[in-house]
Amino acid sequence: MAGDQKDIDLRTAINAISDVVQNRPRPLRLFDQIYMKAGDMVLQSELVARWADGKKLAFIGDGDAISVCVAYLHAREILEYGPSEIVVFDFDERICGAVSRFADKERLTGLRAELYNCLDAFPGPLDFDCFYTNPPWGASNDGESVKVFAQRGMEATSYRGEGMVVIADDVDLEWPKRVLANVQQFIIGAGFFVQRMMPQLHRYHLDDAPNLRSCNLIVKALPDNEAPGPSTAISDAARLAHFYGRDNPPKVRYIRERKRLDYGKAHDDEYSLELLE
Amino acid sequence: MLIILKPGQGLLYMKVGTHAQESLEDIIVRKTREIELAGFALWGYGGSTCHPQTMVQPFARSFEQRGQTIYLCMQPMESSHFAEPIRAEEYSVDGLAWQPIPQAINVLGSRYALAIRGLRKEEFDLPLAKTKVALGNSMGSNGDRYIAGRVDKACLEITEEIDTPVVPEPKVHISLVAEIVKPYAVHVRNSPK
């Protein structure tokens with residue numbers, strides 16, 4: 001990890017995040033795509049860039065576009081540090097397309113995206129130094145959905161790297177505490193330990209729980225840890241029964257993008273023109 | 001049948017008023033007629049606090065499995081709702097398979113709809129402080145604290161404290177109720193994609 005947090009030009013950083021937000025596809029709530037608020041994205045991106053400085057970083061899902069923020073802030077020298085390479089694995093082709101288009105437009109050579117559903121075996125490569133995931137938070141499945149994403153992250157590092165898992169963290173509600181406990185047990189069972197927990201950091205555009213926050217759970221593999229076996233598809237019905245909420249198992253392999261020419265602009269089916277007389 | 005609030009009872013609470021430029025009184029007349037003609041009505045709504053698939057369907061299913069009737073308990077309020085009264089042509093339980101909405105049923109200016117019958121005026125106080133959010137990201141939150149600001153509807157469960165009188169306690173006045181029936185809640189859209 002790069003040293004302590006350095007001073008950054010906040011106005012420039014926020015404007016850079018604004019470029020990324022403008023580029024994101026609109027969220028699909030059905031798949032728990034819930035976007036982090038912009039101020040928290042600035043601080044989270046700085047933290048991730050520092051944590052993964054000089055390393056190869058896998059994002060297991062990334063609707064928020066923290067991956068793009070990190071790469072962009074580094075490339076524009078708003079941050080002096082950042083990962084050497086970033087790969088985003090997401091089952092939403094709109095998100096992969098948005099990452100690829102932004103990387104191409106801004107010449108972010110160390111950033112790419114790959115269409116991947118985390119229920120399938122992880123395609124590799126398996127030599128990532130670290131992973132980042134902000135998965136469906138598992139309110140209705142005691143964290144089972146978080147475990148699936150964290151498992152793919154650990155696989156991406158061959159169970160030898162570090163990870164940052166972003167999950168719900170609330171003082172009053174019971175379910176986030178159960179999820180946090182279950183996820184920590186799962187991670188420890190896989191030969192990792194919790195290196196750091198940063199409580200109640202981020203807020204979201206979440207209208208049914210506007211005050212619910214998330215934490216960063218930073219984990220690291222024990223020395224000489226080994227992968228339990230090759231990556232395989234996850235099809236255990238009990239594990240998936242409540243993946244996207246109670247009685248909502250995954251049914252969709254990929255969200256496909258309807259191709260268009262006006263990304264990031266008003267769609268021509270949103271308006272019509274009434275001409276001057 | 002009068003609704004009796006007892007511990008463990010599930011209900012869907014919703015503030016209602018003018019919708020898509022139509023007054024509540026007119027909506028009630030129209031929906032009552034739809035129930036007479038079609039056997040049920042689709043009660044349109046929006047927002048994502050009561051998403052059909054992630055919230056209402058699993059909520060209603062779980063309480064129905066316990067032998068309960070799920071009531072929609074509505075609190076009338078003054079409101080303006082300027083959405084265009086565009087009729088939905090199709091509905092879908094899962095957002096994948098779409099079917100035409102029966103001609104007798106008109107859902108206007110909405111993205112989602114509850115399947116209801118037994119729509120009637122019924123007056124009672126609902127002590128929101130003795131309810132909790134039944135599922136989702138706010139599961140377990142106190143109903144009184146949850147229904148605030150822009151949150152105007154919720155899948156709630158009556159808590160054990162319902163029989164414990166507390167004076168004074170925050171209440172909302174319910175004036176309109178209906179039974180929620182299968183498929184409980186659906187997506188609606190005005191034109192095929």
Step through the shown structure and confirm whether more than 12 heavy atoms of other residues, nucleotides or ligands are within 6.0 Å of CZ on B:Arg33. no
Euclidean distance, B:Arg145 CZ relative to A:Asn211 CG, rounded to 0.5 Å: 11.5 Å
Is there a donor in the side chain of B:Ser62 and an acceptor in the side chain of A:Arg246, or the other way round, less than 3.5 Å apart? yes
Roughly how far apart are B:Lys132 NZ and A:Glu174 CD, rounded to 0.5 Å? 7.5 Å
Looking at B:Thr49, B:Asp94, B:Leu96, which one has more heavy-atom pairs under 4.5 Å with chain A than the rest? B:Thr49
Quick check: does any side chain N or O of A:Trp137 sit under 3.5 Å from a backbone N or O of B:Asn137, one acting as donor and the other as acceptor? no
Does some side-chain heavy atom of B:Thr54 sit less than 4.5 Å from a side-chain heavy atom of A:Leu30? yes
Proximal component of A:Asn248, with respect to chain B [non-hydrogen, under 4.5 Å]: side chain
Would you indicate whether the side-chain heavy atoms of A:Asp247 and B:Arg61 approach each other to under 4.5 Å? yes
Test item: A:Asp172 and B:Ser141 side chains (from C-beta on) under 4.5 Å apart, heavy atoms: no
Is it true that, when you exclude B:Lys121 itself, more than 12 heavy atoms of the residues, nucleotides or ligands shown sit nearer than 6.0 Å to its NZ? no
A:Lys37, NZ atom: more than 12 neighbouring heavy atoms under 6.0 Å: yes
Just checking A:Arg29: does its CZ atom have more than 12 heavy atoms from other residues, nucleotides or ligands closer to it than 6.0 angstrom? yes
Give a yes or no on this: more than 12 heavy atoms of other residues, nucleotides or ligands lie within 6.0 Å of atom CZ of A:Arg26. no
Heavy-atom count check: over 12 atoms from other residues, nucleotides or ligands less than 6.0 Å from B:Arg117 CZ? no
Check this for me: A:Arg253, atom CZ, are more than 12 non-hydrogen atoms of other residues, nucleotides or ligands nearer than 6.0 Å? no
Closest approach of A:Ala139 and B:Gly136, non-hydrogen atoms and distance? CB-O, 3.6 Å
